[in-house]
Amino acid sequence: MSDMSGSGPGSSPAAATPGAVDEASDIIVCRDVHKWFGQLHVLTGIDLTVKTGEVLVIAGPSGSGKSTFIRTINRLEEHQRGDIIVDGIELSNDIRNIAAVRSEIGMVFQSFNLFPHLTVLQNVTLGPIRVRKVHRELAEEMAMQLLTRVGIPEQARKYPAQLSGGQQQRVAIARALAMQPKIMLFDEPTSALDPEMISEVLDVMRQLAGSGMTMLCVTHEMGFARAAADRMVFFDAGNIVEQGTPGQIFEDPQHDRTKLFLSQILKH
Amino acid sequence: MTTRHESTEVGPPVTEVGVVGWLRHNLFNGLASSIATIVIATVLVVVGWLLLEWVLFDARWGVITENMRLFLVGLYPQSEIWRVWLTMVALSIVTGLSAGTWRSSALRMMAMMLAAGQLALAFLVVASGLGLVATAALAANALLVIVAMLGAQRHPVGRRWLLLGWLVSAVLTTVLLAGLGGATPLPAVSSNQWGGLLLTILLSVVGIAVSFPFGVALALGRRSKLPVIRLLATAYIELVRAVPLITILFMAALLLPLFLPEGVRIENVLRAMGGIIIFSAAYVAENVRGGLQAIPAGQIEAAQAIGLRSWQCNLYIVLPQALRITIPANVGLFISLLKDTTLVIIIGLLELLGIGRAVLAQPEWLGASFEVYVFVAAVFFVLCYALSQASYRLEKELGVGER
């Protein structure tokens with residue numbers, strides 16, 4: 001545990017809410033998840049269980065369905081067959097279930113997706129104020145704590161366009177954390193960044209992993225995977241072809257596709 | 001031209017900078033350019049001199065000053081005109097308070113324009129001998145705008161109170177202008193008697209204020225996930241956009257009464273307002289739809305991911321950005337709406353231009369059409385130019401095109 005554990009909002013994965021009764025430690029359960037885009041079968045029956053506090057890195061070639069898969073977990077994409085159960089709530093077409101699940105999951109996008117017409121502080125407080133109905137002053141206080149945690153409290157009054165890419169992505173992480181989620185999804189969070197800004201974002205993610213947050217990260221940053229991941233999952237052609245600890249995957253990949261991918265990505 | 005080589009300091013030659021340089025570059029850059037400059041300048045001076053001579057000595061401005069009351073309020077009864085000035089008191093206070101509270105430079109500019117406009121009106125009123133009370137009231141109003149604005153800058157008013165203020169002044173305006181009827185101190189004034197600048201501004205303001213939210217709702221409806229709503233919104237927009245405004249006004253004036261039950265009558269002005277709103281809303285909707293399409297899908301995904309409901313996503317994320325993008329298009333639309341109010345003449349309403357034509361029908365002013373049209377055109381120019389300047393300020397303030 002790092003120095004951050006329990007020090008701020010969002011860092012208490014054990015905050016007990018009703019719902020997670022039977023499978024206490026399994027926070028995400030996916031069974032035989034399928035998805036098609038038109039005729040294209042992009043997820044071909046994924047089975048995956050994630051435990052509370054686990055840090056999962058999802059790797060794989062582009063087009064293998066890894067982004068689509070994590071987007072089904074907070075219903076940005078709809079799955080068409082199988083079950084996804086998040087913290088005891090089954091994702092279905094029921095709008096209340098979708099809202100409940102989304103409020104437990106924070107998401108960070110490749111292209112940041114900050115709201116350009118709002119200041120950094122307003123970006124971070126919007127969710128707490130409008131969804132959680134937190135009082136404005138309290139929300140701003142929490143937001144400042146989070147911005148301090150990601151290292152940019154002095155940027156609070158600026159607009160996203162005035163920030164560097166790395167700073168914007170850290171604001172996006174703070175915005176997601178402000179909802180005090182139990183799970184964080186990262187969809188290639190460093191792919192749109194200049195090389196020198198990647199590490200500032202990875203540092204924040206590493207701290208977050210150390211604080212006990214459940215994380216699913218789609219990323220090509222193998223250094224981060226090796227240092228922070230509890231488990232690596234390798235995707236190809238819409239399904240998981242191999243999984244294990246980072247050590248197992250890096251030292252002794254079993255599947256040919258994994259071997260090829262790792263040799264390509266680790267060559268440099 | 002001899003100074004060119006005498007200068008010892010290193011700097012651009014005097015013929016390249018300053019007034020001389022500017023003239024050389026822009027007006028006398030070669031033989032052809034010099035001839036063109038001289039010819040155009042001569043024409044401009046002659047035309048300008050003739051125009052000035054006409055404005056100062058030849059024009060019969062009596063046609064304007066002696067009919068000023070008609071130009072300003074139409075056939076509104078002379079004894080009740082104080083009600084028009086009184087509505088402007090309420091408007092001045094609320095505008096000033098809003099501009100002061102919001103600290104928006106565009107709003108401040110609009111408030112200053114309202115003050116300047118009322119001062120100009122005061123000048124027109126006194127020049128036409130319409131009474132010192134009206135002049136004093138208008139001048140005091142101009143001051144009121146500024147006092148309210150400065151006051152609210154120091155002590156901001158709550159947004160809820162401002163909204164209430166706008167609603168109250170809208171109701172007050174209606175009651176004051178239309179009257180309560182009977183033996184009350186406010187005898188009824190039929191809206192058929194409203195006219196001139198008063199009617200032009202009423203039709204435009206109501207048209208803009210109502211058609212804008214209506215149009216936004218239509219644009220959202222056209223993108224709705226519910227097929228029935230989407231179909232209705234699309235049908236409305238396409239239908240209205242396929243019909244000229246004149247046709248809609250005719251239908252509102254002539255066909256609508258046929259469908260109303262016996263005894264129910266809607267006054268002409270209301271029908272014209274309805275027609276303008278129906279027409280303009282469809283265009284607002286298409287402008288806004290363009291803005292909505294420009295919002296990247298990632299914005300909506302991010303809003304969903306932090307748990308905003310879809311109405312919240314529209315209200316807090318999509319609409320603020322979409323409306324901002326569409327300011328130039330919508331202001332353009334509102335400027336043409338302002339000018340299109342002149343079309344109500346075909347259903348017998350006398351707004352500014354209509355009054356002008358009515359004035360010209362008087363035998364004693366038979367030859368004065370140029371004066372009347374110049375005056376009417378000048379008033380429209382001032383209104384439209386003010387609107388477009390305010391919108392430039394708003395665009396700058398909101399950073400349209402920068403993000």
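Below, all heavy atoms of this structure are taken into account, side chains as well, without hydrogens, waters or symmetry copies. First the proteins, then the strands, lettered A, B, ... as listed; each starts at 1.
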Report, as yes or no, whether the 6.0 Å neighbourhood of atom NZ on A:K133 holds more than 12 heavy atoms from other residues, nucleotides or ligands.
-> yes
Taking side chain as C-beta onward, heavy atoms only, is B:E301 less than 4.5 Å from A:R71?
-> yes
Part of A:L185 lying under 4.5 Å from any heavy atom of chain B | neither
Taking atom CD of A:E154 as the centre, does the number of heavy atoms from other residues, nucleotides or ligands within less than 6.0 Å exceed 12?
-> yes
Of the backbone (N, CA, C, O) and the side chain (C-beta and beyond), which part of B:Q304 lies under 4.5 Å from a heavy atom of chain A, both, or neither?
-> both
More than 12 foreign heavy atoms under 6.0 Å from CG of B:L164: is that the case here?
-> yes
Quick one: what part of A:F109 sits under 4.5 Å from any heavy atom of chain B, side chain, backbone, both or neither?
-> side chain
Between CG on residue A:L126 and CD1 on residue B:I317, distance to nearest 0.5 Å | 5.0 Å
Please say whether more than 12 non-hydrogen atoms of neighbouring residues, nucleotides or ligands are located less than 6.0 Å from CZ in A:R132.
-> yes
Return yes when atom CZ of B:R230 has more than 12 non-hydrogen atoms of other residues, nucleotides or ligands closer than 6.0 Å, and no otherwise.
-> yes
For B:Q299 and A:L114, work out which heavy atoms get closest and say how close.
-> NE2-O, 2.7 Å
Nearest heavy-atom pair of B:G307 and A:R102: which atoms, and what distance?
-> CA-CB, 4.4 Å
Check the surroundings of atom CE in A:M144: do more than 12 heavy atoms from other residues, nucleotides or ligands lie under 6.0 Å from it?
-> yes
Smallest separation among heavy atoms of A:N113 and B:A302, with atom names | O-CB, 3.5 Å
Output yes when a side-chain donor or acceptor of A:H117 lies under 3.5 Å from a complementary backbone atom of B:R324, and no otherwise.
-> no
Look only at the side chain of B:Q312 and the backbone of A:G127, and say whether a donor-acceptor pair between them is shorter than 3.5 Å.
-> no
Contacts of B:F380 meeting ring pair (Phe, Tyr, Trp, His ring centres under 6.0 Å) (sequence neighbours excluded), chain-then-number -> none
Take B:I306 and A:F115 through the side chain to side chain contact (heavy atoms under 4.5 Å, CB included) test and state the conclusion after the steps.
-> CA-CA 12 Å; B:I306 58 172; A:F115 306 128; 4.2 Å; yes
Does a sphere of radius 6.0 Å around CH2 in A:W36 hold more than 12 heavy atoms from other residues, nucleotides or ligands, not counting ones at 6.0 Å or beyond?
-> yes
